[in-house]
Amino acid sequence: MASDPSRSSSSQPSHASEERAEDQAPKLLQQYNDLISTLPLEEGWQPVSLRKYKGVWLPGHEIFLRGIFAIQSHFKSRPTDILLATLPKSGTTWLKALIFATMTRSQYSFADHPLLSLNPHNCVHSLEELWAIGQPSKIEALPSPRLLNTHMPYSVLPDAIRASDCRIIYVCRDPKDRVVSAWQFTSSWHRSKKATGEMMPTTEALSLATAVEMVCQGNSPFGPDWDHVLEYWRESLRQPENVLFLKYEEVMEESVANAKRLAEFMGCPFSLEEEKEGVVEKIITLCSFDKLSKLEVNQNGDQASVFRVPNSCYFRKGKVGDWRNHLSPEMARRLDGIMDEKLRGSGPTLGGVRLQAPNTTTI
Ligand SMILES: Nc1ncnc2c1ncn2[C@@H]1O[C@H](COP(=O)(O)OS(=O)(=O)O)[C@@H](OP(=O)(O)O)[C@H]1O
């Protein structure tokens, strides 16, 4: 079973408690910095700059990029690992809660559950963030099966993961809702940084029009979005026992069926007795937006991660179709058009766009 997060120090990540590998290896640090300086730079997604690595626009913080490089050669996967993979703002926080609550259901009571006092991001570790803050040994120390998450596209995952039997749960979301969510998140984070004086008051916030355009150009964090989605979609067809492809909208619409799919995929299906006792519904309620967003930890706590984000920024509306309140018809058409062009095919739909099966016409 997964580790007890309330006993792990992961709820209080420390930047100083552990020496980074790079601190002991100045040559490696130099190599990483040299590599970073050669990567194309994009500064439009304020307040984060982006660097293009292996065809993907990654957040450009040096500490973060060095973590990604180190993961490539040093991460040791285990066949029992469970990896949640998402583009940011696709339902990561929610799925972390669902996965964690499902995997650990025999360890905790619903009345006194870790998710009532810890943000889901402190229950399922981010592979790249722990590496970036110099705490990869925390990942090593986790008992199996480890629950981890990543925003990396399949093609940027370390070989150790792609060659292993570990299970990957991928969640995607209507790109229109996702871009609105990403823009709102970036704006509120921007405001909070200005309020604490961590950012120059003159730094311009990202406009929604710019965010939409950058997604359409493929220049947004972890984008191009279509490559991210298609890579995992194709893997889910190629190796369905190892890659589960879910959609935010479907998990919302058919929560019980998808919670059961998740449990089965993770190798811990709900027993008939559990189903009769309503365990599935209890997990869904515990992990619901209404429940989590009202908790003290999620209203007033924060993530001491690389990006130091207030927990409240991870909970906004949690609705399907909120894009209608923000995007102009023109913006919506532009996004749908680009996704249609890139994802055209006969597979399942994504925000009204069909994903193509791998053996149909090329993108
Ligand atoms: N429990 C639950 N149920 C449903 N929806 C939820 C839940 N928790 C968070 N959210 C909504 O998910 C959006 C945040 O996306 P992520 O969690 O992927 O963000 S992150 O990648 O971890 O930064 C963001 O979506 P928007 O409300 O549309 O902005 C959150 O409100």
Side-chain angles (χ1 to χ4, degrees), residues 45 48 58-59 64 83-102 113 115-116 118-130 147-153 169-190 192 206 208 211 215 220-223 225 228-229 232 246-255 258-259 262 282-295 297-299 301-303 305-327 351:
W45 194 278
V48 190
L58 297 174
F64 183 82
L83 186 69
L84 170 67
T86 56
L87 272 169
K89 309 301 149 199
S90 299
T92 321
T93 313
W94 184 21
L95 265 292
K96 279 189 177 188
L98 281 171
I99 289 168
F100 176 76
T102 303
H113 199 279
L115 281 168
L116 298 174
L118 291 172
N119 177 273
H121 291 282
N122 293 117
C123 297
V124 176
H125 302 266
S126 159
L127 186 57
E128 46 264 33
E129 290 237 354
L130 268 192
L147 304 178
L148 299 165
N149 94 285
T150 185
H151 288 318
M152 282 188 272
I169 295 159
Y170 186 74
V171 184
C172 67
R173 189 179 188 189
D174 181 336
K176 300 188 290 304
D177 276 335
R178 203 189 74 73
V179 74
V180 167
S181 182
W183 169 70
Q184 295 273 5
F185 175 85
T186 309
S187 307
S188 54
W189 178 29
H190 189 267
S192 77
L206 178 72
L208 181 56
V215 168
S220 54
F222 300 93
D225 292 18
H228 205 285
V229 174
Y232 283 102
L246 297 174
K247 295 184 202 163
Y248 182 98
E249 296 75 17
E250 288 179 359
V251 179
M252 189 71 85
E253 176 93 19
E254 295 166 33
S255 303
N258 280 294
L262 259 181
K282 283 180 192 159
I283 287 178
I284 290 168
T285 304
L286 172 69
C287 301
S288 66
F289 182 88
D290 275 357
K291 180 79 186 175
L292 294 183
S293 63
K294 291 184 182 130
L295 297 172
V297 63
N298 294 327
Q299 294 202 333
D302 71 4
Q303 288 297 307
S305 67
V306 179
F307 303 111
R308 312 232 338 267
V309 177
N311 287 345
S312 58
C313 289
Y314 293 101
F315 301 91
R316 192 181 62 91
K317 284 195 180 170
K319 296 255 181 285
V320 172
D322 183 50
W323 62 267
R324 291 188 179 81
N325 298 317
H326 300 277
L327 297 183

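We count ligands from 1, going down the list as the structure has it; atoms in each ligand are counted the same way. These values consider heavy atoms only, across backbone and side chains, with no hydrogens, waters or symmetry-generated copies.
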Give the numbers and elements of all ligand 1 atoms closer than 4.0 Å to a heavy atom of Lys317. 27 (O), 31 (O)
Are any of the N/O atoms in Leu292 less than 3.5 Å from those in ligand 1? no
Atom 9 (C) of ligand 1 [closest protein heavy-atom partner, distance rounded to 0.1 Å]: Tyr314 O, 3.2 Å
Would you mind listing which atoms of ligand 1 come within a distance below 4.0 Å of any non-hydrogen atom of Ser288? 1 (N)
Between Asp177 and Lys319, does any side-chain N to carboxylate O distance fall below 4.0 Å? no
Taking only non-hydrogen atoms of Phe315 and a 4.0 Å limit, the atoms of ligand 1 in range are 8 (N), 9 (C), 31 (O)
Nearest-contact summary for atom 1 (N) of ligand 1 - protein heavy atom, Å: Cys287 O, 2.8 Å
Gly318 N/O to ligand 1 N/O under 3.5 Å: yes
Subset of ligand 1 atoms that lie under 4.0 Å from at least one heavy atom of His121: 22 (O)
Can you report which non-hydrogen protein atom sits closest to atom 26 (P) of ligand 1, along with the distance? Ser181 OG, 3.4 Å
Among Trp183, Tyr248, Tyr314, exactly one meets side chain to side chain contact (heavy atoms under 4.5 Å, CB included) together with Lys89. Which residue is that? Tyr314
Which residue supplies the protein heavy atom nearest to atom 11 (C) of ligand 1, what is that atom called, and how far is it? Tyr248 OH, 4.0 Å
re atom 31 (O) of ligand 1, the protein heavy-atom contact at minimum distance is Arg316 N, 2.9 Å
How does Ala97 reach ligand 1, if at all, at less than 4.0 Å between non-hydrogen atoms: by side chain, backbone, both, or neither? neither
Report, in ascending order of atom number, the atoms of ligand 1 lying under 4.0 Å from any heavy atom of Pro88. 21 (O)
Would you check if there is a donor-acceptor pair between the side chains of Asp302 and Asn311 at a distance under 3.5 Å? no
I want to know if ligand 1 touches Leu87 in the polar sense, i.e. an N/O pair below 3.5 angstrom. no
Between the side chains of Asp225 and Arg178, is the shortest nitrogen-to-carboxylate-oxygen separation below 4.0 Å, so that they form an ion pair? yes
Specify the protein heavy atom at minimum distance from atom 16 (P) of ligand 1: its residue, its atom name, and the distance to 0.1 Å. Thr92 N, 3.5 Å
Distance filter under 4.0 Å to His151 heavy atoms, resulting ligand 1 atoms: 21 (O)
Note, Met152 side chain near Leu127 side chain (heavy atom, < 4.5 Å): yes
Side chains of His151 and Thr86: is there a donor and an acceptor less than 3.5 Å apart? yes
Looking at Lys96, Lys89, Arg173, Lys319, the heavy atom closest to atom 28 (O) of ligand 1 belongs to Arg173
Can you tell me how far CD1 of Ile283 sits from NE2 of His113, rounded to the nearest 0.5 angstrom? 7.0 Å
